[in-house]
Amino acid sequence: MKSSEEIPPFVDFLGALAELRHDLERLEWEAVRLVRSTGVSWEAIGEELGISRQAATRRFSHPKPRRKPRGG
């Protein structure tokens, strides 16, 4: 592995993007859970997310996957 001095500083941006993607995914899951708890249909959720009812059901009707640890 390269030392931190050999890695350009802007590469840190990739880690920030990965963290942001994780945070957005978590927020999306929480929003879907909240919306479903109010009785909104999978069809309406899928429409808002630009996916089919079936895709929304498959993606969100099971427990949220755990995040894999970094570097492992």
Non-neighbouring partners of [X] that pass side-chain contact (heavy atoms from CB on, under 4.5 Å), sequence neighbours left out:
X   : value
E47 : none
R33 : E30
V40 : V35, T38, A44, I45
A55 : I51, S52, R58

Residues that, via side-chain heavy atoms closer than 4.5 angstrom, fall in one hydrophobic cluster with L17: F13
Is there a ring pair (Phe, Tyr, Trp, His ring centres under 6.0 Å) between H62 and W29? Walk through the geometry before answering. CA-CA 10 Å; H62 53 79; W29 275 80; 5.7 Å; yes
Test item: R36 and F60 side chains (from C-beta on) under 4.5 Å apart, heavy atoms: no
Kindly give the heavy-atom pair with the smallest separation between W42 and A56, and that separation in Å. CZ3-O, 3.5 Å
Test: R59 and E28 ion pair at under 4.0 Å: yes
Go through the structure and list residues passing side-chain hydrogen bond (donor to acceptor under 3.5 Å, both in side chains) with E43, not counting sequence neighbours. none
